[in-house]
J.: 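Below you'll find the structure I mean.
First the proteins, then the strands, lettered A, B, ... as listed; each starts at 1.
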Amino acid sequence: MKEILRLENITHRYHGKSGETLAVDGLTMSVGEGEFYGIVGPSGSGKTTLLSLLAGILAPSSGEISRHISPQEIGYMLQHDHLFEWRSIEDNVTLGLEIRHSKTEENVRYAMSLAKKYSLGDFMKKKPSELSGGMRQRVALIRTLALRPKLVLLDEPFSALDFQTRLNVAEDVRKIITEEGITAILVTHDISEAIALCDRIAVLSKRPARVKKVFDVPMKKALSSIERREDEAFAALFREVWKELEFTDEKDTKGE
Amino acid sequence: MKKIRKENSAEHAAFLRKERGKTVFTVAMQILLLLTFFLLWEFLAAREIIDSFIFSSPSKMWSSFLSLSESGELWRHVSATLAETVIGFLSATAIGLALAVILWIIEPLRRILEPYIVVLNALPKIALGPIIIIWVGAGKGAIIVMAILISVIITVINILNGFLSVDKDKILLMRTLSANKMQVLCKLILPANVSNIIAALKVNVGMAWVGTIMGEYLVSKEGLGYLIVYGGQVFNLSLVMCATVILTLLAAVMYFAVLILEKLVKR
Ligand SMILES: Nc1ncnc2c1ncn2[C@@H]1O[C@H](COP(=O)(O)OP(=O)(O)O)[C@@H](O)[C@H]1O
Ligand SMILES: [Mg+2]
């Protein structure tokens with residue numbers, strides 16, 4: 001598998017007036033092209049920080065990040081959809097194109113075709129408030145994909161949704177990303193979500209973040225995330241990851 | 001109310017009728033209240049229960065109004081005040097908005113100027129009257145400067161607060177789409193603050209009147225504020241009341257104009 005991204009001994013500190021916070025400490029990881037890579041860690045462990053480092057929004061205090069793609073080819077999907085209420089769905093989807101001055105007819109057509117393909121075609125003229133939470137999250141994904149990223153970073157993108165919607169949207173997102181042949185890094189604190197969606201899962205220690213262990217997910221990529229949840233290997237892997245995570249999580253009640 | 005479906009049931013029709021009835025009743029009562037007020041005033045003055053030399057009366061105000069408008073003076077005064085207020089209002093809002101944008105863009109400047117802005121806001125602007133008159137001259141200029149000064153600082157503060165309270169994660173989103181600062185401003189900060197800016201407009205309409213009338217008290221030879229001061233000096237209360245009522249009407253009209261603008265923008 002060709003490597004798309006590599007972190008070597010990354011450390012990151014936040015500096016505030018009341019002191020510094022060591023958020024990431026000596027973290028090393030490598031993500032391959034086309035992979036759906038999961039990162040699981042307790043809340044406040046430094047997952048968002050890690051994604052910001054990957055995206056180049058933050059610069060690490062020390063260590064080396066080698067990207068085999070340009071930062072422009074990285075898409076980022078945040079926990080909340082952050083759709084702009086004053087824009088129609090169509091204009092939300094093309095926001096990134098507008099910002100990058102690449103709102104060409106062809107790119108808009110591509111964005112619209114994505115929207116249509118993932119059943120948002122009828123909602124293009126609507127306002128975000130008229131859409132359900134799951135649909136809004138799909139719009140947010142398509143806003144990201146409209147820029148044709150080679151890698152997308154997903155920061156707990158489903159955690160604001162209710163359980164039922166969450167399973168469906170997670171499956172949709174996985175399908176869209178796999179079908180478009182994009183590499184994805186999914187951050188979550190939900191173990192079952194990580195197993196259902198990802199090919200490999202890195203478990204982070206509690207803050208400061210370090211990779212404790214990387215698990216290969218044995219289920220076939222072709223299965224849907226729902227089918228993966230029913231696979232017998234699921235429960236076994238869940239237990240292993242949970243043990244790893246539970247151990248790091250003990251008595252750490254500090255929130256994010 | 002745009003979401004009401006076309007195929008109304010009888011029940012819904014009844015509901016609408018009732019709502020309409022309520023509205024009619026409210027408006028009728030409002031008109032009645034106003035009429036009663038003026039009629040009672042007129043009655044008390046006519047019966048000499050109140051002294052119409054001090055309290056004037058609606059009929060005296062009316063004759064004041066007629067003599068003013070016949071001599072053509074009314075329009076001169078009204079247009080002077082109106083022009084000052086509108087210019088003051090528009091400039092204060094534009095300057096305030098521009099300053100807020102500059103302070104949002106240049107963060108160090110914001111930090112440096114913050115205490116000065118707070119202190120200037122606390123300062124009663126009328127105290128600056130004499131200085132303004134000396135600097136700008138005792139004319140229309142001074143009045144407009146007063147109208148601007150009285151609302152520009154609070155405009156900056158309110159609009160800048162709105163800018164700064166835009167969700168940090170939305171700004172992060174813009175950055176993930178590789179937006180520069182100007183794009184964040186134009187595509188996120190400004191559109192997210194439309195209602196905030198309109199709220200500032202609403203406040204400024206009132207403030208501009210205060211500034212203009214205050215300015216006219218200080219310097220002018222014409223305008224409604226001048227009429228009020230002049231009327232007070234010669235103890236012509238009918239003139240004072242008449243000018244005040246006209247002022248009230250104009251202020252209300254301008255306020256409603258802003259409300260209409262708000263409706264248009266928010267559609
Ligand atoms: N901008 C910041 N300034 C200072 N500390 C921060 C900042 N962002 C996050 N942190 C701290 O870094 C740690 C990791 O945060 P984060 O990466 O958001 O964790 P996670 O996403 O895993 O919940 C937390 O202890 C948090 O308080
Ligand atoms: Mg986080």
J.: Side-chain contact test, heavy atoms from C-beta onward, threshold under 4.5 Å: evaluate it for A:Glu156 versus A:Lys47 and give yes or no.
T.: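 A:Glu156 reaches A:Lys47 side chain to side chain.
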J.: In chain order, what residues pass the ring pair (Phe, Tyr, Trp, His ring centres under 6.0 Å) check against A:His189, with sequence neighbours excluded?
T.: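 Applying ring pair (Phe, Tyr, Trp, His ring centres under 6.0 Å) to A:His189 gives none.
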J.: Taking the side chain as every heavy atom from C-beta outward, state whether B:Asn193 and B:Ile159 have any atom pair closer than 4.5 Å.
T.: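 In short, these two side chains do not touch, never coming nearer than 4.5 Å.
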J.: Relative to chain B, which segment of A:Leu83 carries a heavy atom at a distance below 4.5 Å: side chain, backbone, both, or neither?
T.: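 Just the backbone, heavy atoms under 4.5 Å.
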J.: Report, in residue-number order, which members of residues 94-110 of chain B are under 4.5 Å from chain A by heavy-atom distance.
T.: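 So far as heavy atoms go, nothing in residues 94-110 of chain B approaches chain A to under 4.5 Å.
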J.: Where do A:Pro157 and A:Val187 come nearest, in terms of heavy atoms and distance?
T.: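 Nearest pair, atom of A:Pro157 first, then A:Val187: CD-O, 4.3 Å.
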J.: Can you name the closest pair of heavy atoms from A:Ile4 and A:Lys150 and give their distance?
T.: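 Closest heavy-atom pair between A:Ile4 and A:Lys150: CD1-O, 4.2 Å.
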J.: For residues 167-184 of chain B, pull every pair meeting salt bridge (Lys or Arg N to Asp or Glu O under 4.0 Å), keeping only residues two or more places apart or in separate chains.
T.: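 Sorted result for residues 167-184 of chain B: empty, none.
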J.: Measuring only between side-chain heavy atoms, which start at C-beta, is A:Ser62 closer than 4.5 Å to A:Ile10?
T.: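 Counting from C-beta outward, A:Ser62 and A:Ile10 never come under 4.5 Å.
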J.: Where on A:Gln72 is there a heavy atom nearer than 4.5 Å to chain B: the side chain, the backbone, both, or neither?
T.: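 Just its side chain gets close to chain B.
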J.: Kindly indicate whether the side chain of A:Met29, heavy atoms from C-beta on, has any atom under 4.5 Å from the side chain of A:Leu50.
T.: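 Answer yes - side chains close enough.
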J.: Do any of residues 101-127 of chain A have a heavy atom less than 4.5 Å from a heavy atom of chain B, and if so, which, in residue order?
T.: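 So the qualifying residues are A:His101.
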J.: Does a donor on one side chain sit under 3.5 Å from an acceptor on the other, for B:Glu84 and B:Thr212?
T.: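 Result is no, nothing qualifies.
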J.: With a 4.5 angstrom heavy-atom cut-off, which part of A:Leu147 approaches chain B: side chain, backbone, both or neither?
T.: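 Just its side chain gets close to chain B.
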J.: Taking atom types as modelled and ignoring hydrogens, do the side chains of A:Glu8 and A:Ser66 form a donor-acceptor contact shorter than 3.5 angstrom?
T.: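 Not at all, the side chains of A:Glu8 and A:Ser66 share no donor-acceptor pair under 3.5 Å.
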J.: Hey, are the side chains of A:Asn168 and A:Phe158 touching, using non-hydrogen atoms and a 4.5 Å cut-off?
T.: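 When only atoms from C-beta onward are counted, A:Phe158 and A:Asn168 do not touch, as no gap falls below 4.5 Å.
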J.: Find the one option among B:Val194, B:Asn180, B:Leu188 whose heavy-atom pairs under 4.5 Å with chain A are most numerous.
T.: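 Of the candidates given, the most pairs with chain A belong to B:Leu188.
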